[in-house]
Asker: 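Pasting a structure below so you can have a look.
Every chain is numbered from 1, with letters handed out A, B, ... down the list of sequences.
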Amino acid sequence: MRKITLPIEELDFELCVTSGQIFRFQRFERGGRQVWLGADGGNVIEAERTPEGWAVCSRPDGSVVERFLRLDVSLADVSRRVLEIEPSLAPLVARFPGLRTLRQARADETLFSFLCTVNNNLTRIHRLVRALGAFGEELEPGVFGFPPPERIARVGEVRLREMGFGYRARTLVQVAEELAHRPTGWLQALSEGEYERAVSALCELPGVGRKVADCVCLFGLGFDEAVPVDTHLWRVSVERYFPQWRGGSLTDKRYRAVGDHFRQRFGRLAGFAHEFLFYDSVTGAGKRSARGRKASPGARAK
DNA sequence: AGCGAACCGGAC
DNA sequence: TCCGGTTCGC
């Protein structure tokens with residue numbers, strides 16, 4: 001099994017798997033060492049912090065980790081080009097070195113995962129996606145390959161509701177049945193066509209709107225021009241690029257405009273570039289400043 | 001077209 | 001009370 005070591009500027013593995021792109025990686029203790037473990041399709045991916053950076057590998061297929069982490073892309077190169085286009089992003093790029101856009105081997109895992117994120121909070125999202133994953137095959141102790149759609153369909157809405165999925169139980173099962181009825185590889189094949197085509201195909205599925213479709217396009221199908229506009233990216237985009245929409249709501253048209261803005265500006269780098277703004281908005285200064293502007297956390301009315 | 005409300009259930 | 005949205009009805 002081949003181990004790849006990357007400097008932190010090229011890869012911060014922990015950041016990548018905890019920044020809301022995927023939800024099932026966890027820290028384990030193996031032989032006295034702290035390692036991150038998770039599944040990508042039928043393979044296990046392992047990562048360990050070293051003095052040099054991060055050491056990563058996959059098994060049994062040792063090559064999948066390169067695709068999963070998009071190691072064909074040089075993050076130094078991406079950062080340099082993004083900053084040429086928009087120098088004011090420098091503080092964000094500097095704040096999150098090693099933040100990569102991932103690509104999962106199975107787009108159906110991406111789809112079911114992001115169906116769990118709908119109107120939900122991150123803590124519960126992790127719990128639900130992991131619970132779904134546990135219906136899959138156990139590849140190694142505690143590490144599960146994601147179940148196929150047929151399996152999710154068989155679990156059924158009632159059981160999922162009992163497990164706390166709420167109204168997402170219904171759409172999960174509906175989508176699972178829909179996928180099970182289509183030819184094998186239908187979803188995966190969308191990556192061969194055009195981005196717009198993939199978006200509209202995904203939006204046909206019950207419970208899938210623009211945002212979930214874009215997440216599947218970016219993290220599952222490898223469309224780098226996809227820009228998922230969630231509430232965080234919406235807020236930061238309004239502040240930075242569309243101040244005239246301050247206080248307004250995210251309509252279909254505006255969703256489109258935000259994505260187009262990123263695509264015009266960053267082209268194929270849009271997916272990577274948005275990640276810095278998104279994660280800053282989730283965690284750090286972006287969140288605080290957006291709040292601060294919204295008037296008086298300390299003076300909430302009665 | 002654009003806006004608001006409901007939706008499961010658990011964090012905060 | 002608020003969610004990392006989607007859908008439905010004005």
Asker: Can you tell me the distance, in whole Å, between the CG atom of A:L250 and the P atom of B:dA1?
Answerer: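 Distance, rounded to whole Å: 16 Å.
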
Asker: Going from OG1 on A:T117 to CG on A:L128, what distance comes out if it is rounded to the nearest 0.5 angstrom?
Answerer: 10.5 Å

Asker: Determine, step by step, whether A:Y279 and A:F96 satisfy the ring pair (Phe, Tyr, Trp, His ring centres under 6.0 Å) criterion, reporting the C-alpha distance in whole Å, the side-chain angles of both residues, the deciding distance to 0.1 Å, and the verdict.
Answerer: CA-CA 9 Å; A:Y279 197 59; A:F96 307 115; 5.2 Å; yes

Asker: Using the ring of each side chain (for Trp, its six-membered ring), is A:F278 parallel, tilted or perpendicular to A:H232, with breaks at 30° and 60°?
Answerer: perpendicular

Asker: Among residues two or more places apart or on two chains, list those pairs meeting ring pair (Phe, Tyr, Trp, His ring centres under 6.0 Å) that have a residue in residues 125-158 of chain A.
Answerer: A:F23-A:H126

Asker: Give the minimum heavy-atom separation between A:C217 and A:A226, together with the two atoms involved.
Answerer: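 Minimum heavy-atom separation between A:C217 and A:A226: CB-CB, 3.8 Å.
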
Asker: Going by atom types alone, do A:Y255 and A:D260 pair a side-chain donor with an acceptor below 3.5 Å?
Answerer: no

Asker: I'd like to check the side chain to side chain contact (heavy atoms under 4.5 Å, CB included) partners of A:V173; sequence neighbours left out, ordered by chain and number.
Answerer: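 For A:V173, the residues satisfying side chain to side chain contact (heavy atoms under 4.5 Å, CB included) (neighbours in sequence not counted) are A:E157, A:L160, A:E177.
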
Asker: Using the ring of each side chain (for Trp, its six-membered ring), is A:F262 parallel, tilted or perpendicular to A:Y241, with breaks at 30° and 60°?
Answerer: perpendicular

Asker: Both distances under 3.5 Å, Watson-Crick or G-U wobble: on that basis, could you give the dot-bracket string for DNA chain C, with [ ] for crossing pairs and | for other-strand partners?
Answerer: |||.||||||

Asker: Can you check the A:L128 CG to B:dG9 C1' distance for me, whole Å?
Answerer: 9 Å

Asker: Distances for protein N/O vs nucleotides 10-12 of chain B N/O pairs under 3.5 angstrom?
Answerer:
from   : atom 1 : to     : atom 2 : distance (Å)
B:dC12 : OP1    : A:T123 : OG1    : 3.2

Asker: If the threshold is 4.0 Å, N to carboxylate O, is there a salt bridge linking A:D252 and A:R256?
Answerer: no

Asker: Quick one about A:T5 and A:E52 (side-chain donor to acceptor, distance below 3.5 Å, no hydrogens or angles considered), yes or no?
Answerer: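 No, no side-chain donor-acceptor pair sits under 3.5 Å.
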
Asker: Show the distances under 3.5 angstrom between N or O atoms of the protein and N or O atoms of nucleotides 2-5 of chain B.
Answerer:
from  : atom 1 : to     : atom 2 : distance (Å)
B:dC3 : OP2    : A:S249 : OG     : 3.3

Asker: Look at the rings of A:W245 and A:F242 and say which category their plane angle falls in: under 30° parallel, 30 to 60° tilted, over 60° perpendicular.
Answerer: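 Answer is parallel, since the angle falls under 30°.
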
Asker: Could you give the distance separating B:dA1 and C:dG5 at their P atoms, to the nearest angstrom?
Answerer: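 Between the two P atoms, the distance is 23 Å.
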
Asker: Check the distance between B:dC7's P and A:N119's CG and give it to me in whole angstrom.
Answerer: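 From A:N119 CG to B:dC7 P: 12 Å.
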
Asker: If you measure from the P atom in C:dT6 to the same atom in B:dG10, how many Å do you get, rounded?
Answerer: 22 Å

Asker: In whole Å, I'd like the distance from the CZ atom of A:R168 to the C1' atom of B:dC7.
Answerer: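 Nearest whole value for this atom pair: 8 Å.
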
Asker: Taking CZ from A:R170 and P from C:dT6, how many angstroms apart are they, rounded to a whole number?
Answerer: 17 Å

Asker: N/O contacts under 3.5 Å, protein versus nucleotides 7-10 of chain C?
Answerer:
from  : atom 1 : to     : atom 2 : distance (Å)
C:dT7 : OP1    : A:G207 : N      : 2.9

Asker: Between C:dT6 atom C1' and A:L202 atom CG, what is the distance in whole Å?
Answerer: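 After rounding, the reported distance stands at 15 Å.
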
Asker: Between A:E138 and A:V143, is any pair of side-chain heavy atoms under 4.5 Å apart?
Answerer: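 Of all side-chain heavy-atom pairs linking A:V143 with A:E138, none is under 4.5 Å.
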
Asker: For atom P, what is the distance between C:dT1 and B:dA5, given to the nearest Å?
Answerer: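 Comparing P positions in C:dT1 and B:dA5 gives a spacing of 15 Å.
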
Asker: Can you see if the side chain of A:R161 gets near the phosphate of B:dC8 - specifically, an N or O under 4.0 Å from OP1 or OP2?
Answerer: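 Answer yes for this pair, as a side-chain N or O of A:R161 is under 4.0 Å from OP1 or OP2.
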
Asker: Using whole Å, report how far CG of A:L218 lies from P of C:dG4.
Answerer: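 After rounding, the reported distance stands at 19 Å.
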
Asker: Would you call A:R59 and A:E46 a salt bridge, using N to O less than 4.0 angstrom?
Answerer: yes

Asker: Using 4.0 Å as the upper bound for N to carboxylate O, is an ion pair formed by A:E150 and A:R154?
Answerer: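 A salt bridge is absent here (no side-chain N lies under 4.0 Å from a carboxylate O).
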
Asker: Provide, to the nearest angstrom, the distance between the CG atom belonging to A:L233 and the C1' atom belonging to C:dC3.
Answerer: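 Nearest whole value for this atom pair: 17 Å.
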
